[in-house]
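Notes follow the structure.
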Amino acid sequence: MQIKSGRAGNKDARKMIECSEAIAEATALCKPAVVATYPITPQTHIVEMLAKMHSEGRVNSEIINVESEHSAMSACIGAEACGVRTFTASSSQGIALMSEMLFIASGMRLPIVMAVANRALSAPINIWNDHSDTMAQRDAGWLQFYCENAQEAYDSIIQAYKISEQKDIMLPSMVCVDGFTLSHLWEPVKMLSQADVDSFLPVYNPLYKLDSEIPVTMGALAYPNTYMHFKKQQQDAMLNAVEVIKKTNLEFGKRFSRIYGNGMIETYKIEDAKEAIVAMGSVCSTARIVIDRLRQKGRKIGLIKIRAFRPFPNEELKKIAGKIEKIAVIDRAISLGNSGPLFIEIKATLPKSHINNFIVGLGGRDISENIIESIVKKIGQKQEIEWVF
Amino acid sequence: MAKQDSRKDSGITAGAVITKAGSSMKNKTGFWGVFKPVLLNSRCNACGICVQYCPDGCIVIKDKKASINQDYCKGCAICSKECPSKAIIMQKKILKSC
Ligand code: SF4
Ligand code: SF4
């Protein structure tokens, strides 16, 4: 992401802020009527901050302290079914526990927004970052955005509500940040005003809501003659989301001078590149530094950052990857028994490219510049999948 | 990309919401049962206990007798057990064809 030089005045004032707090601030500006809160490392700061803002009178949301993540998602589903905007945040085991409800939220077409501080899954227990938790929910019918820094997380929360709540989408979104690596990082973040967000994000207007005056049934049984139609609808909505994500990113860029590639993917020095690193999340920033260094030595290498993993940027990748001969896909998760989940998808999208997969950073293992450099050295090698420790 | 919407093909709502009441009446579930309740008219004194106990709401009092709607009865036999006058007996259904 490139932050253009700020305009004068308070509007573009930067605030030194923790990424979790930035997410809470952005959420507050979206004014969810209900926030379900349950602690889990490394997400806790987000809901903690919202509860604090509520106690200070800065947030009017109903804060529900639930007894588990399954309940957190259930509370959001119930509230959202009543026709109001909702928010929750979770990580790791919490995401795993609410898995059942994630599918219900998307199947009922409830545009809930959830922040995720990505963390490894047990066992062995580990509280640090990788992408196992949300990759395991790949098929839950949620839009998934992976953020590179606090600013992107802040902006993506606001965009996510706008995207999710479009009438031809009506699907929930996960806004993912790397646990600790990003969630606990302090960064200068350009804050928006309430008036900014109010003019960008329309008031939520649900398709249907639970209302005793006009009763409807939600969550009804679907027989074999209709179930497949409902799933097709969800898939259609996901595909519709591609254009809406791009449009929303562009509109946000025009309004607030910050833009994230085309919304689906973001590229760095890719124009004349012969090689590319494909990655998601905070590791992209490390990759940018390594790419700069290698470029100075004359190597034609660039970065493709996957911002939206669901819907997957198939067309966007095909468009830019034609010229690129060799690709290294960095995965922070492993689909045990096959390879990295991002690699599987990239390979299916670009069957003609030479693609290597590097499994790195599981359970919070640091991905240093050296690691990225060693990956770049191996681009084009025969061995398809390699674990880099 | 053209907007896609399979609702147009299937005539169903997003998220499987049913917007009008009464649609469950279309789903006649009476064939699920293995047993069916049979009322012994002479024994029934229209006390209405079976009406209250039937989990499917199949029984009403009509012309001073219990009247059982077999379209929705699951054959659970609760009515038969609860009837103080033993006015409902359960009969095994005979399947005509499979
Ligand atoms: S409980 Fe027995 S007696 Fe009473 S209404 Fe029902 S069938 Fe008739
Ligand atoms: S058998 Fe069960 S479902 Fe049928 S009428 Fe009696 S109580 Fe109702």
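Keep in mind the model is a prediction, meaning the values are calculated, not measured.
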Quick check: closest heavy atoms across A:Met218 and B:Val17, and the distance to 0.1 Å?
CG-CG2, 4.0 Å
Using the test ring pair (Phe, Tyr, Trp, His ring centres under 6.0 Å), find all partners of A:Phe309 that sit at least two apart in sequence or belong to another chain.
A:Phe312
Could you pull out all residues at least two apart from A:Lys231 that satisfy salt bridge (Lys or Arg N to Asp or Glu O under 4.0 Å)?
none
Heavy-atom neighbours of A:Lys209 NZ exceed 12 at 6.0 Å
no
Just checking A:Leu221: does its CG atom have more than 12 heavy atoms from other residues, nucleotides or ligands closer to it than 6.0 angstrom?
yes
Which donor-acceptor pairs under 3.5 Å do side chains of residues 43-58 of chain B form with protein atoms, sequence neighbours excluded?
residue, atom, partner, partner atom, Å
B:Arg43, NH1, B:Lys86, O, 3.0
B:Asn45, OD1, B:Cys47, N, 3.2
B:Asp56, OD1, B:Lys74, NZ, 2.7

Do you know which two heavy atoms are closest between A:His229 and B:Ile12, and how far apart they sit?
CB-CD1, 3.3 Å
Taking all heavy atoms of B:Ala14 and all of A:Arg109, pick out the closest pair and write down the distance.
CB-NH1, 3.8 Å
Interface moiety of A:Tyr223 toward chain B, non-hydrogen atoms closer than 4.5 Å:
side chain
Please report the closest heavy-atom contact between A:Val216 and B:Thr19, naming both atoms and the distance.
CG1-CA, 3.8 Å
Below 4.5 Å from any heavy atom of chain B, which atoms of A:Ala222 appear? Answer side chain, backbone, both or neither.
neither
Which residues in residues 25-42 of chain B have any heavy atom closer than 4.5 Å to a heavy atom of chain A?
B:Asn27, B:Trp32
